Colleague: 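Structure below; questions to follow.
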Amino acid sequence: MANSQQILEIKLDARNRLLKSERRGVTIQIRKDGFTLRAYLPSKTNPESNQTIQQRVPINLKADIKNLDEAERLAKRLSDEKIGGSFKWENWQKKEEEEVIELKPASRKVGDILKRYEKYFWSQEGKDKTNESNQQYWYQIQLYINKLEKHQIFNTENIFELGNTFPKASKKKADFAKYCLLVGKFAEISNLNKLSEWATASQQAYNLDLKKRARKRLTDEEYLEIVRALRNDVQNIRTRKDKSFLPSQRQWGWALAAQLVFGARTSEIWSIKPYEEDGEIFAEILTVEKNKKPTEWRIALALKQDWARELNILEVNKIFSIDHASEYDAKVLKKVNNTYTKWFAGKCDAGFEPYDLRHAYGYRTANMNINTASASKFMGHSEAIHTATYQKAYDKNDALQIAKLLRQQQKQQQ
């Protein structure tokens, strides 16, 4: 746990970052248990000289968190006077003799820069160390920067040398480039433009490759055929080789069927509570959005009621269950989801993943002409995301589906 001095240093670093971003040309320092300001200022002995030298200005404030606001106010006042040409030494205390400061250059080694960046990272507003998404983000930064040797100089030459050993158009290379650029901007390394161009090119190559490898959408009938075949599949695991908390005999079929029927995210399957009301089948689902702690339950409609009945959705058979939001554990769910998707990959060679069933549900809402407000609530995301993801991806197959629905409606009206 950080002590009061470490907390002060972190908060002071954040204030200095803000002053730097505003191009104030003034830094707050701690010297002899007190705050002092540092800036390029005219000589005390020759104030008419145009030459400025790096000097300290004592401000008679104890180095304490409660005095940070006042220290920042004085730093901005000094900056305004410098910029406006009104700075005069007599307006500031003259307790110290003029001192030219010889700055010790900061270490440019990878390990030292990463330590400084860590302090800055957690000092930013909203970066709470208890937040799981913040922890994961920091872990990713640390993971990729540590691929460089700690004793190496953090520069573009060493970054490019290692980065170009990663497979072309790979996520590994794209992420390495992204995080090196992030830390490189913080450390103000030379050739930043060159690094930025390389990082952008790496990301674009990865995105292009990702688009080429995009899975083909199947028709609803094809999805149903696969789910129907696996609905009652039983997976037997030899317990002496498997140390998982899951039972040795596993039935994942209901989870797969529920994902098809209700369009849930993979992490939400285990919270699905189907029920029937006035002859219609619905489900309560705990909404699990990326990087957010789940707290809210939503209601989703089984768009294809005949599928829900054929697949016996009301006969729940979950291998793992979440009954309350407080029971959600991302680490545990990750293990369960990985086991579930591995089971499916071993059973199906149709070139799709369980999460594609959620997308199929989304396209189905558009084909059935369900209004965006309702459809987005069924799926647990915003209307903007729903429109961008499902309505903009409308294609010939979707047009054909709507034509069939219209034909059925016309027959029913006759």
Side-chain angles (χ1 to χ4, degrees), residues 132-133 136 223-224 226-237 239 242-277 281-304 307-348 352-362 364-365 376-381 385:
E132 193 171 308
S133 63
Q136 185 62 25
Y223 284 128
L224 176 60
I226 294 168
V227 173
R228 185 189 285 135
L230 294 174
R231 173 62 180 86
N232 298 313
D233 182 79
V234 177
Q235 181 189 29
N236 289 300
I237 303 295
T239 53
D242 183 77
K243 297 180 180 179
S244 174
F245 56 87
L246 297 172
S248 58
Q249 191 176 78
R250 304 167 185 175
Q251 290 182 271
W252 301 100
W254 182 89
L256 192 69
Q259 201 162 13
L260 171 72
V261 170
F262 296 114
R265 299 174 178 90
T266 304
S267 291
E268 296 173 342
I269 301 171
W270 322 109
S271 69
I272 295 177
K273 300 176 183 177
Y275 65 93
E276 186 172 4
E277 188 170 314
I281 295 176
F282 300 86
E284 277 188 281
I285 304 174
L286 179 65
T287 298
V288 181
E289 296 183 86
K290 190 175 182 180
N291 295 332
K292 290 184 181 179
K293 189 174 182 179
T295 57
E296 296 183 1
W297 293 77
R298 69 179 187 273
I299 302 298
L301 171 67
L303 299 179
K304 297 279 190 176
W307 292 4
R309 297 187 188 284
E310 179 189 345
L311 296 170
N312 296 320
I313 285 299
L314 294 175
E315 295 180 17
V316 180
N317 185 5
K318 284 187 279 187
I319 205 75
F320 183 79
S321 185
I322 297 174
D323 297 316
H324 305 282
S326 59
E327 295 174 356
Y328 180 84
D329 187 321
K331 292 181 180 178
V332 172
L333 259 294
K334 186 175 182 179
K335 293 178 182 178
V336 177
N337 294 342
N338 285 344
T339 310
Y340 167 60
T341 53
K342 283 180 182 177
W343 160 79
F344 181 76
K347 292 288 181 179
C348 180
F352 83 93
E353 297 177 358
Y355 199 90
D356 293 341
L357 299 176
R358 171 172 170 80
H359 290 314
Y361 183 97
R364 204 174 302 133
T365 62
S376 60
K377 287 178 181 177
F378 289 161
M379 298 192 72
H381 55 211
I385 288 176

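Please read all numbers here as calculations on a predicted model, not as lab measurements.
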Colleague: I'd like to check the salt bridge (charged side-chain N to carboxylate O under 4.0 Å, His left out) partners of Glu310; sequence neighbours left out, ordered by chain and number.
Modeller: Arg228

Colleague: Could you grab the distance from atom CG of Leu256 to atom OG1 of Thr266, nearest 0.5 Å is fine?
Modeller: 10.0 Å

Colleague: Is a donor on one side and an acceptor on the other found under 3.5 Å between the side chain of Arg265 and the backbone of Gly380?
Modeller: yes

Colleague: Just jot down the ring pair (Phe, Tyr, Trp, His ring centres under 6.0 Å) partners of His381, sequence neighbours excluded, or say none.
Modeller: His386

Colleague: Of all the heavy-atom pairs spanning Trp252 and Ile319, show the shortest one and how long it is.
Modeller: CZ3-CG2, 3.1 Å

Colleague: If you measure from the Lys or Arg side-chain nitrogens to the Asp or Glu carboxylate oxygens, is any gap between Glu276 and Arg309 under 4.0 Å?
Modeller: yes

Colleague: Sequence neighbours left out, what pairs pass ring-ring contact (aromatic ring centres under 6.0 Å, His included) with at least one residue falling in residues 282-303?
Modeller: Tyr275-Phe282

Colleague: Considering only heavy atoms from C-beta outward, does the side chain of Leu357 approach that of Val227 to under 4.5 Å?
Modeller: yes

Colleague: For Arg298 and Glu268, which heavy atoms make the closest approach, and how far apart are they?
Modeller: NH2-OE1, 2.8 Å

Colleague: Are any of the side-chain heavy atoms of Pro354 and Thr341 separated by less than 4.5 Å?
Modeller: yes

Colleague: Suppose we screen for salt bridge (charged side-chain N to carboxylate O under 4.0 Å, His left out). Which residues come up paired with Arg358, at least two apart in sequence or across chains?
Modeller: none

Colleague: How long is the gap from OG1 on Thr287 to CD1 on Ile285, to the nearest 0.5 Å?
Modeller: 7.5 Å

Colleague: Output, in order, the C-alpha distance, side-chain angles, deciding distance and verdict of side-chain contact (heavy atoms from CB on, under 4.5 Å) for Val316 and Ile272.
Modeller: CA-CA 9 Å; Val316 180; Ile272 295 177; over 6 Å; no

Colleague: Evaluate Ile385 against Ser376 for side-chain contact (heavy atoms from CB on, under 4.5 Å), listing each step before the verdict.
Modeller: CA-CA 8 Å; Ile385 288 176; Ser376 60; over 6 Å; no

Colleague: Would you list the pairs meeting side chain to side chain donor-acceptor pair (under 3.5 Å) in which at least one residue belongs to residues 317-328, sequence neighbours left out?
Modeller: Gln251-Asn317, Ser321-Asp323

Colleague: Any chance you could measure Thr365, atom OG1, to Met379, atom CE, to the nearest 0.5 Å?
Modeller: 6.5 Å

Colleague: Could you list the residues that satisfy ring pair (Phe, Tyr, Trp, His ring centres under 6.0 Å) with Tyr361, not counting sequence neighbours?
Modeller: none

Colleague: Would the Trp307 and Tyr223 ring centres measure less than 6.0 Å apart?
Modeller: no

Colleague: Closest heavy-atom contact between Ala308 and Ala302?
Modeller: CB-CB, 4.0 Å

Colleague: Considering non-hydrogen atoms only, spot the tightest contact between Asp233 and Trp343 and give its length.
Modeller: OD2-NE1, 2.9 Å

Colleague: side-chain contact (heavy atoms from CB on, under 4.5 Å) between Ile281 and Val261: does it pass, once the steps are laid out?
Modeller: CA-CA 10 Å; Ile281 295 176; Val261 170; 5.7 Å; no

Colleague: Nearest 0.5 Å, please: how far is CG in Leu260 from CD1 in Ile313?
Modeller: 8.0 Å

Colleague: Is it the case that the side chain of Asp356 and the backbone of Glu353 share a donor-acceptor pair, with hydrogens and angles ignored and the cut-off at 3.5 Å?
Modeller: yes

Colleague: With no hydrogens and no angle check, is any side-chain donor or acceptor of Arg231 less than 3.5 Å from a backbone partner on Gly253?
Modeller: no

Colleague: When you compare the side chains of Trp254 and Asn312, does any donor N or O come within less than 3.5 Å of an acceptor on the partner?
Modeller: no

Colleague: Rounded to the nearest 0.5 Å, what separation is found between the CG atom of Asn337 and the CH2 atom of Trp270?
Modeller: 6.5 Å

Colleague: Could you measure the distance from the CD atom of Gln259 to the CD1 atom of Ile269? Nearest 0.5 Å is fine.
Modeller: 3.5 Å

